[in-house]
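Just so you know, these numbers come straight off a predicted model, no measurement behind them.
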Amino acid sequence: MLYPSYLNLYQSGELAKRVNFARNLLKSCCICPRKCKVNRAKNEKGACSTGLKPKVSSFFLHHGEEPPISATSGSGAIFFTYCNLKCAYCQNYKLSQSGEGREVEPAELAEVMLKLQRQGAHNINLVTPTHVMPQILESLLIAIKGGLNLPLVYNTGGYELASSIKLLKAIVDIYLPDMRYADSFEAEKYSDAPNYPVFNQEAVKEMYRQVGDAQINKKGIIEKGLIIRHLVLPNHIAGTEKVLSFIKNELSSQCYISLMSQYFPCYKAGEFALINRRISYEEYQEAINSMTKLGLTSGWIQESGGLARFAGLNIKPNI
């Protein structure tokens, strides 16, 4: 078997079939839970504000991702403009909401992937890919013909359809989803994402079925698997303990988790009293304690200077 996995699908012709199927979904767009039904093949735009062509804000070797993803040489990050979430506190709102970036043709996006490979990236890190998944697959076909042989990281806010994730089986080797909320009320209030937990949990279970726990080689580089990000929000808005319990009970006690403390109020957060502050030391320590209690000790917590490997230790976070 070849690695990355998509090379096998490419050789068999299955990848081209998946690309055609995914592109047809754009004709009455239903690739994410919003199911806008607009004809994006004719450049109509729905909730994600994206028509036929994807927009790219930037691309570069990213050294600030989780250690196995950035590793020594960096992750080949491609930041796509717009998002199917509408988070009131989005730190990247200029990209996700204001539309900073430019439209690219499939061949241009393929060349971006190849350029990052030439620069020494460990992987191709697709940041906010949900709403442009079919276009990414089309560009992937072109990039493979040009010699692309790096694994894909599907770096998503987690508002996904499990059916769309199934299309990515044996194409994506590394999933990096957010699990942002445990309860639908908060998801709709702060991210305008109805039923986020239901869609998110089903999609993450599908990701785990495909790739399993993170497989990290002797050089500290992830080759395959799932890493879940969870951003701790003020006043227990994210439902952290419920999210962690889901991971333990429905996925694996060995699941790698990146427990993030970097929340700060920006964009429209000032309009909501409960999220109009940073999280406290006590709130983050409570999240760490929940991980310990549940026996979830694979992953990273925020420590002074960056991410620290979590091993059930009481490390003082940088808050």
query = If we ignore angles and hydrogens, is there a donor and acceptor under 3.5 Å between the side chains of Lys17 and Asn20?
reply = no

query = Between Ser73 and Leu61, is any pair of side-chain heavy atoms under 4.5 Å apart?
reply = no

inquiry  = If I compare all heavy atoms of Ser139 with all of Ala110, which pair ends up nearest, and what's the gap?
reply    = O-CB, 3.4 Å

task = Describe, in one word, how the ring planes of Tyr263 and Tyr89 are oriented to each other, choosing from parallel (under 30°), tilted (30 to 60°) and perpendicular (over 60°).
result = perpendicular

key: Positive for side-chain contact (heavy atoms from CB on, under 4.5 Å) with Ile31, one of Cys36, Pro134, Cys48   = Pro134

remark   = Looking only at heavy atoms, the pair that brings Val19 and Glu138 closest together is CG1-CA, 3.9 Å

note = Taken in chain and number order and not counting sequence neighbours, the residues that satisfy side chain to side chain donor-acceptor pair (under 3.5 Å) with Asn235 are Arg277

ask   = Do the non-hydrogen side-chain atoms of Leu294 and Ser245 ever get within less than 4.5 Å of each other?
value = yes

query = Would you call Arg102 and Glu108 a salt bridge, using N to O less than 4.0 angstrom?
reply = yes

Lys189 and Glu186 ion-paired at < 4.0 Å = no

ask   = Do we see a donor-acceptor contact under 3.5 Å between the side chains of Ser191 and Tyr196?
value = no

request  = For the pair Arg229 (side chain) and Leu176 (backbone), establish whether a donor and an acceptor sit closer than 3.5 Å, ignoring hydrogens and angles.
outcome  = no

request  = Mark yes when over 12 heavy atoms from residues, nucleotides or ligands other than Lys268 sit less than 6.0 Å from its NZ; otherwise mark no.
outcome  = no

remark   = Correct closest heavy-atom pair for Val243 and Ala238 would be CG2-O, 3.9 Å

Closest contact, heavy atoms only, Thr130 versus Tyr159 = CG2-O, 3.9 Å

inquiry  = Under a plain distance cut-off of 3.5 Å, with no hydrogens placed, do Asp213 and Tyr208 share a side-chain donor-acceptor pair?
reply    = yes

message = So that I can tick it off, tell me whether Glu111 and Arg118 are bridged by a salt bridge, with the cut-off set at under 4.0 angstrom between side-chain N and carboxylate O.
response = yes

ask   = His236 and Glu283: which non-hydrogen atoms are nearest, and at how many Å?
value = N-OE2, 4.5 Å

task = Indicate whether any N or O donor in one side chain lies under 3.5 Å from an N or O acceptor in the other, for Ser75 and Glu65.
result = no

key: Closest approach of Gly101 to Thr81 (non-hydrogen atoms, all atoms of both residues)   = CA-OG1, 3.6 Å

Taking distance alone, no hydrogens or angles, what donor-acceptor pairs closer than 3.5 Å link side-chain atoms of residues 90-100 to residues at least two apart or in another chain?
unit_1	atom_1	unit_2	atom_2	d
Gln91	NE2	Gln262	O	3.3
Ser96	OG	Asn92	O	3.3
Gln97	NE2	Leu85	O	3.2

query = Which is it for Lys35 and Leu161 under the side chain to side chain contact (heavy atoms under 4.5 Å, CB included) test, yes or no, and what are the steps along the way?
reply = CA-CA 10 Å; Lys35 295 184 178 179; Leu161 286 177; 3.8 Å; yes

ask   = So Ile78 and Ile124, side chain to side chain contact (heavy atoms under 4.5 Å, CB included) or not? Walk me through it.
value = CA-CA 7 Å; Ile78 305 172; Ile124 300 299; 4.0 Å; yes

request  = Ignoring hydrogens and angles, tell me if any N or O in the side chain of Tyr175 forms a donor-acceptor pair with the backbone of Gln210 under 3.5 Å.
outcome  = no

task = Go through the steps for His122 and Thr72 under the test side chain to side chain contact (heavy atoms under 4.5 Å, CB included), then give the verdict.
result = CA-CA 8 Å; His122 293 297; Thr72 54; 3.3 Å; yes

request  = Using modelled atom types only, decide if a donor and an acceptor are shared between the side chain of Arg40 and the backbone of Leu52 within a distance under 3.5 Å.
outcome  = no

task = Any chance you could lay out the side chain to side chain contact (heavy atoms under 4.5 Å, CB included) test for Tyr181 and Asn200, step after step, and finish with the verdict?
result = CA-CA 9 Å; Tyr181 302 101; Asn200 177 247; over 6 Å; no

inquiry  = Can you list everything that forms a ring pair (Phe, Tyr, Trp, His ring centres under 6.0 Å) with Phe60? Sequence neighbours excluded, please.
reply    = His62, Phe79

ask   = With a 4.5 Å heavy-atom cut-off, do Ser70 and Asn125 have their side chains touching?
value = no

ask   = Is the number of heavy atoms from other residues, nucleotides or ligands within 6.0 Å of OH (Tyr3) greater than 12?
value = yes

